[in-house]
Structure formats: structure tokens, C-alpha cells
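Report on one structure; see the data block that follows.
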Amino acid sequence: MDYNRIEKKWQEYWEKEKINYFNPKNADKKYYCLEMFSYPSAAKLHVGHWYNYGLTDSFARYKKMKGYEVFQPVGFDAFGLPAENYAIKTGVHPKDSTLKNIENMEETLREMGAMFDWNSEIKTCDESYYKWTQWLFLKLFEKGLAYRKAAPVNWCPSCNTVLANEQVIDGQCERCHSTVVKKNLTQWFFKITGYAEEVLSGLNDLDWPEKTKSMQRNWIGKSTGGEIEFGTESGDKFKVFTTRADTLFGVSFVALAPEHPLVAKLTTPECKEAVDHYIYETSKATEIDRLSTVREKTGVFIGAYAINPINNKKVPIFAADYVLYSYGTGAVMGVPAHDERDFVFAQKYDLPIVRVVKGKDGENDDLPFTQYGITINSQKFDGMTSEEAKKAIVNELVKQNKGEHKINYRLRDWLVSRQRYWGAPIPVIHCDKCGIVPVPYKDLPVKLPYDVEFKPDGKSPLAKHEGFMNVKCPICGGDAHRDPDTLDTFVCSSWYYLRYPDAHNAKEPFSKDIVDKMLPVDKYVGGAEHACMHLLYSRFITKALRDMGYLDFDEPFKSLVHQGVILGPDGMRMSKSRGNVISPDDYIKQYGSDTFRLTLMFGFSYTEGGPWSDDGIKAIGKFLDRIERLSDKVVQLKAEKNGNFGKNEKDLDYVRNYTIKCVDKDMDTFSFNTAVARMMEFLNALYKYDALSEKNAKFMREAFSDFIMLLAPCAPHFSEEIWERLGNKKSVFLSPYPVCNEAALVKDEVEVAVQFNSKMRGRIVVPAGVSEEEIRKILSQDEKLAPMLEGKEIKKLIVIPNRLINVII
RNA sequence: GCCGAGGUGGCGAAACAGGCAGACGCAAGGGACUUAAAAUCCCUCGGAAGAAAUUCCGUAUCGGUUCAAGUCCGAUCCCCGGCACCA
């Protein structure tokens with residue numbers, strides 16, 4: 001078959017017949033199938049795109065044949081750093097290179113033959129899209145969910161911009177791997193922490209990979225404990241957060257983060273020099289050093305003492321850089337006997353180690369003892385379990401107004417401003433008189449100017465563009481200037497799935513009616529690397545929009561699948577520098593896109609991925625050739641003669657229906673490799689039947705038609721072609737998916753395994769559903785098995801119907 | 001350290017809910033067809049012993065539960081992904 005020719009033929013046909021487009025009239029049967037949209041890169045589609053888009057398309061086509069009105073849109077996450085960095089290197093404007101890349105990708109995506117609904121295409125860099133990204137920002141601002149504050153932020157000196165916590169990996173920039181430094185800057189944040197509890201608890205009901213849910217849980221990092229107020233001799237007070245209030249009697253020191261304001265205030269003159277020196281040394285340490293767990297715990301006594309509210313004991317206050325100012329209260333109580341860090345610290349600075357919890361059963365003398373146990377040395381709280389003591393001690397402090405129950409989250413607010421050019425401008429105006437003034441909705445979009453000098457110098461490129469920057473204040477009419485920062489591209493991608501179903505709406509980002517009908521996304525497919533970024537941000541934005549009344553559901557993605565990663569033939573991640581990149585194009589030219597797609601389906605477990613091997617594609621080529629050869633025979637079959645439905649027909653009918661049942665289920669669960677395996681078995685059975693001298697032509701034709709329908713989602717062009725050759729006038733994708741006839745799966749006779757004392761001893765054929773009695777009889781007559789039973793007493797007979805018989809003798 | 005997912009032939013991988021381990025394919029070997037090659041078709045293909053029938057062993061390691069364990073339980077080792085001085 002001339003694959004490249006028929007691919008074109010059917011792609012044109014689908015386009016002409018509108019096979020791929022979602023019909024809103026059938027929205028009650030909608031199935032929203034979405035692949036994570038991609039960044040428009042200059043290179044052609046790589047294997048990863050194919051693996052994501054191609055295979056999920058097969059799933060979508062399967063759903064379509066199952067009777068769903070499938071909505072499978074496509075678009076581009078078009079803002080972002082690579083285009084800008086490319087521009088800095090080559091002088092090609094980001095807009096020009098991006099639009100050109102998009103054009104390229106559109107073309108190759110069409111060549112894939114996926115049933116994308118191109119009518120709903122989105123490009124986040126279009127004014128008609130980012131207008132609504134800005135709208136979203138303003139709505140969050142109105143709600144108090146977008147705010148500006150000065151804070152120590154992650155700064156990538158190479159990208160010349162701030163980064164969200166999520167974009168810092170091991171202290172390095174996610175993108176360029178430069179070491180990230182802390183800078184004190186005033187930046188825009190989204191208040192995702194306000195939704196910490198809901199994004200956490202909502203995970204329980206999601207059909208998502210457990211791994212991803214646990215990564216989000218981890219990232220959100222909920223811990224339940226108490227905040228306890230310590231006094232000082234000077235009358236100042238500060239709070240510590242602890243999850244182990246049961247160890248409060250064991251406190252022998254208190255440690256404050258070096259940045260904590262009380263450090264400067266409480267340090268005594270005698271200690272000032274040492275403390276200043278310590279703070280200076282700390283500030284020199286890089287973020288990576290400071291975050292290392294193996295780093296020695298250090299600190300410095302500041303000369304002041306704190307008073308433990310539970311027993312009024314005086315304990316020394318230290319400044320210590322293992323205490324993070326950004327978490328909890330920036331102050332911790334030191335309980336050396338029951339915390340490893342505190343233990344090391346106490347040994348180093350010779351502080352008392354007081355045990356206040358003992359093991360529940362038996363003595364455990366090892367310190368630090370970090371498990372829960374029974375309280376000791378804790379006055380009236382002695383003898384309680386840790387769980388009880390935690391509550392009781394905080395309750396006692398609540399009464400004295402010196403503490404409260406408290407939940408802390410590790411999650412930080414999402415830093416969304418970027419000092420870069422190629423993004424959506426932040427739609428606010430800074431006025432000396434009126435402060436921060438949101439751009440009026442009627443003035444959106446705030447257009448990103450084209451003629452901008454974006455060579456990096458540590459400041460936002462837009463700041464240098466006077467025509468952009470200088471505006472009149474919408475309130476007072478006086479001179480004012482725009483915000484020179486742009487939004488993190490994750491803001492653009494945090495709501496795109498809402499825009500697709502109503503992509504051309506010029507009056508609002510999306511109609512409430514439409515999204516309430518079309519969302520949540522029924523199946524979302526993409527890489528696992530987005531677990532704590534895109535997937536978390538989108539959930540937050542959905543909930544925020546819900547609370548503002550713009551939609552009526554809680555979660556954007558009901559069901560999520562992560563595809564695995566296809567590695568180079570050497571088992572390493574594909575990269576140009578390694579020279580192990582597999583280019584789909586070469587294979588598609590030679591074997592066709594369906595062959596390539598099927599190879600990916602059959603060769604890997606979808607969620608695992610693995611190294612590419614050249615051998616697989618030849619095998620699939622052979623498989624398709626075999627199908628084509630058989631189709632020629634089927635077409636030429638003379639219908640008349642044999643209308644019998646005997647044993648051979650029954651056998652084939654069994655395989656046919658078994659295949660339908662299995663493939664149906666496998667497609668539904670992204671178990672593509674086994675679905676293809678079942679189809680191969682079916683084809684083998686069809687060949688076996690075809691080899692018979694007597695065959696029922698009508699029946700074989702039907703069985704073969706079923707085969708092609710099962711294959712169609714996985715090899716769309718090829719199947720359409722064969723389908724047409726079989727004499728069908730309409731697209732195979734308009735025919736209903738085959739339904740398994742359960743009756744055909746009931747066999748008269750089954751082969752079961754026979755074990756004696758649990759060891760395999762042979763196989764026998766028995767009528768389906770025989771009684772134990774009959775089995776005994778059959779066994780005693782079996783010429784191979786009967787002699788082995790002679791003179792032995794059958795103590796017990798275990799029968800697993802249609803599978804196995806275990807004879808205990 | 002914590003959380004999560006894994007470890008099955010020469011290779012990619014299957015195994016519903018504890019019930020014939022290795023489906024389906026690749027590679028390899030043998031054969032048929034052919035002048036020959038390609039293509040196609042047939043057979044073998046976890047290991048060991050045996051002429052064979054057959055037997056024994058085998059799902060990272062050790063132990064347990066069970067008539068029966070890749071699957072369940074306990075311990076250990078290894079690999080991958082994530083988090084990590086989070087109090």
C-alpha cells in the first residue's frame with residue numbers, strides 16, 4: 001500500500017466530511033479528550049509528541065466509535081523564554097519565530113492524521129487569547145487573590161528573571177540550570193495558599209495516578225500542630241510552630257531564623273559582633289548550601305533568653321540558619337531529646353538534653369527518640385500518649401492565651417511576574433497619586449509592543465519602551481506608567497482548557513453555560529513533569545473562578561494519564577548533544593504514519609515508555625501487510641456456497657468476540673500494547689480460518705469487518721482504505737464499535753489444568769460447567785492420569801471452573 | 001531520611017479478583033518454496049538432566065500464610081521518579 005498517498009487522501013476526506021469536528025448539538029454525549037498543549041519549537045514533531053498526541057488520538061477515536069461526541073482540541077503554549085532567548089541569540093523577533101514554528105507544527109500535526117478540532121485552536125500569544133489571561137489577572141486582583149509584595153525571591157542570573165518555587169530544581173533554574181540566588185524584590189503573587197486545604201483534599205476524588213497525587217500532597221505539605229508563644233525578659237514575644245507540642249517540657253533552647261526581626265532587637269551588645277558575623281557568613285552561603293541536609297547545623301547565641309510558657313523555664317535564644325524564615329513563624333523550639341537536628345545542635349553547643357517521651361513498649365534508651373510514646377518529666381501531663389499530650393498541652397496554652405492549634409502548609413504563594421518580554425503584560429498601571437490601578441476591562445488587551453529591545457540587563461525589557469510605559473492614570477488622569485513585567489507562562493496555561501470549548505468568544509473568556517456543559521475534561525494526557533506546576537495551578541484557578549461565579553465545577557481534569565518517556569536506542573533521554581534522537585519523519589516516509597503510531601502502541605507500556613528500537617517498526621509493517629493481503633482475499637470471497645456455522649466458525653467467533661471484549665477494555669484503559677496483541681491473535685485466527693477448504697464467506701466477511709473496526713482507531717488511514725475496499729461507502733469512524741456477543745464466549749468444552757498435590761500433572765478436556773462427580777469420573781478414565789491415581793485416596797478436590805483442578809491425594 | 005512506582009527469558013513486554021508464568025511480538029536456530037535472494041509459509045525457542053516419555057528448578061534475595069504465591073504478609077537488596085534542615 002502506498003501509505004503516504006492514502007494518508008493524504010483520507011486526511012482530505014475527513015476534513016471535507018467534518019469527521020473530526022465536535023458538533024455542539026450532541027453536547028449531551030460529549031467526551032472532552034485533551035492532550036497538554038505544547039510549546040511551538042522549531043524542530044519537527046519529535047517522538048514524544050507522537051507518543052502523546054498520536055496515541056491519545058487513538059483513544060479519542062475509540063471513544064468516538066463508542067458513540068461519544070468527542071472534543072479533541074489543539075493549541076500552542078506560545079509565550080515563553082525559548083523564543084526570547086533565540087531572539088537574543090539570532091535577532092529573530094520572538095513573535096516571528098513563534099508564529100512560524102506554529103505554522104510548521106500545525107502542518108506536521110495535520111500529517112499525523114489526528115482528529116483535532118482545528119476550529120477551536122488556541123495560541124496563547126494571540127491578543128484574542130491573552131486579553132483574557134489579563135482579564136483573569138484582574139479578576140484575581142479584585143478578589144484579593146493577586147497581590148504585590150516585597151519578598152526574597154528566586155532569581156535566575158542567566159535568564160534575568162524571577163522564578164516560582166516550582167521552577168527551582170535543586171537550587172537551579174529549571175530551564176538553564178544556572179544557580180538560583182535570592183533577591184529582595186517587589187513582585188506579583190497569586191494567593192494559591194488560600195486554596196491549600198482544598199487543592200489538598202480535592203485530590204482524593206480524582207482519577208489521577210497515585211504518584212502525581214502524592215507529589216502534590218508532598219508539595220502542599222500540610223502539617224498539623226500548634227503555635228506557641230514564648231516570652232522574653234525584655235517583654236518581647238514570639239511564636240514557634242511545632243508539630244510536637246508533647247515535647248514542650250524538653251525545650252532547652254530556641255532558634256530564630258537569622259532574618260527574624262527579633263534577632264537584631266534582642267541581641268545583647270556583648271554578642272552583637274558574633275551575631276553580625278554569623279549573619280554575614282550565612283548570607284554568603286548559597287541557597288543550595290543552606291538547603292543541604294548534610295550541612296553542619298550552626299548557630300550563635302544572641303545573649304537573650306526566652307521563657308517557656310508551660311513551665312516558665314528560661315532557655316537561651318540562638319540565631320540559626322537551619323531555621324527557615326519563610327516557613328511557619330521563622331522560629332523553632334529546640335528539643336534535643338526528640339529531634340535529630342536539635343540533638344546535633346545541642347551536642348555542638350553543649351545544651352541540656354532532657355527526655356520527656358519514652359517508648360510505648362519496653363525501654364528505648366537511644367536519643368534522639370523521635371517517635372511517639374508516653375510523656376515523662378512533664379508534670380501534670382505525665383503518662384499521656386504523645387497524641388493526647390499534644391492536644392492537652394496546646395489546650396492548656398490556649399486557656400492562658402499563649403498558644404493555638406495551627407495548621408501550616410509548605411506551599412508558597414505563586415510568584416507570577418517575570419522580568420521578560422515574551423509574555424502577557426501585567427494589566428496594571430502605577431500612579432504616584434492613586435497607587436496600583438487596574439487597567440479598565442474595556443482597555444484590554446494591554447498589547448505587547450513589537451518594537452522592544454529585549455537584550456537582557458536585569459530589568460524588564462518593556463521598561464525601556466516609553467510608548468508602552470507612559471500612560472495616563474485611569475483614575476486621576478495624571479502621568480503614570482504601566483507595570484513592565486509579564487506574566488509567567490503558567491498563567492496562560494492555567495486556564496486554556498476553559499477557552500477551547502468557546503475559543504472565539506469575543507465578549508468573555510468563555511461562556512458559563514458552555515464550560516459547565518463541556519468541563520471537566522474527561523481525559524487529560526501529558527507528561528508527569530507538570531505535577532506540581534501546571535496541574536496544580538490549573539486546579540487553583542478553576543476553584544478561584546468557581547468562587548467568583550464563572551463556572552460550576554471544582555476540578556478541571558477528572559481523569560489524568562501520564563505517558564511514559566521514549567528514550568533513545570541507548571536507553572538515554574533523547575538529546576541532540578547525545579546524537580540519539582529518533583526522528584519520526586524518516587520512519588513515516590518509509591513506513592507511513594499509521595505504522596509508526598502502531599509501533600509506539602505495541603512496543604511500550606504506555607505509562608512506562610522505554611528505549612526505542614528499530615526492530616519494532618518492521619514487525620508492525622509486516623502486520624499491516626498481512627492484513628492487507630487478507631483483505632484482498634476477503635474481497636474476492638464468493639458468498640454463496642457455504643452458510644454453515646459449525647465448529648470452525650464457532651472457534652473463530654469465539655476469538656472474534658474475545659478480541660472485541662479485550663480490545664474494548666484495553667483501549668479504554670490506555671493498555672494499547674495488549675490491545676494490539678489481541679488484534680494480532682485475531683488476525684492469526686482469521687488466517688487459520690481462511691486456510692480451511694470449506695468456509696462461510698458471509699461470516700468471515702463480518703468477522704474481518706469487526707477486525708478492521710477494532711483496528712481503525714489505532715491505524716486510522718490504513719483502516720479507512722481497507723474499509724473502503726470492503727465496499728463500505730461511509731467512514732469507518734461513523735460505524736459503531738463492535739459489541740461482544742457474550743454467548744459466543746460460552747464454550748461447550750474447556751481444557752483445564754490438572755494438578756496432583758498442587759503440582760502440574762496434565763490437562764484434560766471437560767464439558768463446560770461439569771460437576772465434581774463427573775470430574776472424578778473423567779479423571780479415573782483418563783489414560784494418562786488414571787494410572788497415577790491408582791491405589792491413592794482422593795482426599796480433596798479443588799475445582800476452579802474452566803481453569804484448574806487440584807487433586808489432593 | 002520521607003513519599004511514590006518498580007525489579008519477570010537474549011530483547012520489548014503479558015498475566016482478570018491468589019489458580020496452567022512468559023500471551024503478543026522481536027531476535028536467534030532449523031525447514032519449505034526459489035537457479036538465487038527478497039518476500040511468504042511451517043517448526044523450535046526460560047534453565048538443567050534425558051535418546052525420549054518425562055522429571056527437577058525458575059518471576060531481585062530470605063522467610064511466612066495457603067491445597068495453590070509473580071500476585072498476599074514480614075524482612076532485606078537494587079533501580080527509577082519526587083520531596084527534603086518544613087520544626
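Computation of the quantities below employed the complete heavy-atom set of this structure, encompassing side-chain atoms and omitting hydrogens, waters and symmetry-equivalent molecules. Chain identifiers are assigned alphabetically (A, B, ...) following the order of the sequence lines, protein sequences preceding nucleic acid strands; residue numbering begins at 1 within each chain.
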Report which part of the nucleic acid [X] touches: base, sugar-phosphate, or nothing (heavy-atom distance under 4.0 Å, all strands).
X	answer
A/Asp625	nothing
A/Lys622	sugar-phosphate
A/Gly330	nothing

>> Need to verify one output field. Residue with the more 5' nearest nucleotide on RNA chain B, A/Asn218 or A/Glu681?
In response: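 First, find each residue's nearest nucleotide; the 5'-ward one identifies A/Glu681.
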>> Quick check: on RNA chain B, is the nucleotide nearest A/Asn757 upstream (toward 5') of the one nearest A/Asn673, or the reverse? Name the residue that is more 5'.
In response: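 Its nucleotide being nearer the 5' end, the pick is A/Asn673.
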>> In terms of relative ring orientation, are A/Phe318 and A/Phe345 parallel, tilted or perpendicular, with 30° and 60° separating the classes?
In response: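 Ring orientation, 0 to 90° scale: perpendicular.
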>> Once you measure the plane-to-plane angle for A/Trp612 and A/Phe604, does it fall in the parallel (<30°), tilted (30-60°) or perpendicular (>60°) bin?
In response: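 Taking A/Phe604 first and then A/Trp612, their aromatic rings lie parallel (interplane angle under 30°).
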> What does B/G29 pair with, Watson-Crick or G-U, if both distances are under 3.5 Å?
Replying inline: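 Per the H-bond distance test, B/C43.
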>> Using the P atom as the point on both nucleotides, what is the distance between B/A14 and B/A23, in whole Å?
In response: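 Those two atoms are separated by 13 Å.
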>> Can you check the distance between B/G6 and B/A60, where both ends of the measurement are the C1' atom (answer in whole Å)?
In response: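 Between the two C1' atoms, the distance is 11 Å.
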> Going by modelled atom types, is there a donor-acceptor pair between the base of B/C67 and the side chain of A/Lys796 at under 3.5 Å?
Replying inline: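 Checked by distance alone, the answer is no.
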> Checking only heavy atoms, does the side chain of A/Arg678 share a donor-acceptor pair with the base of B/A23 at less than 3.5 Å?
Replying inline: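 Such a pair is found, so the answer is yes.
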> Is the base of B/G9 syn or anti, where syn means the angle lies within 90° of 0?
Replying inline: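 Syn for B/G9; the angle stays within 90° of 0.
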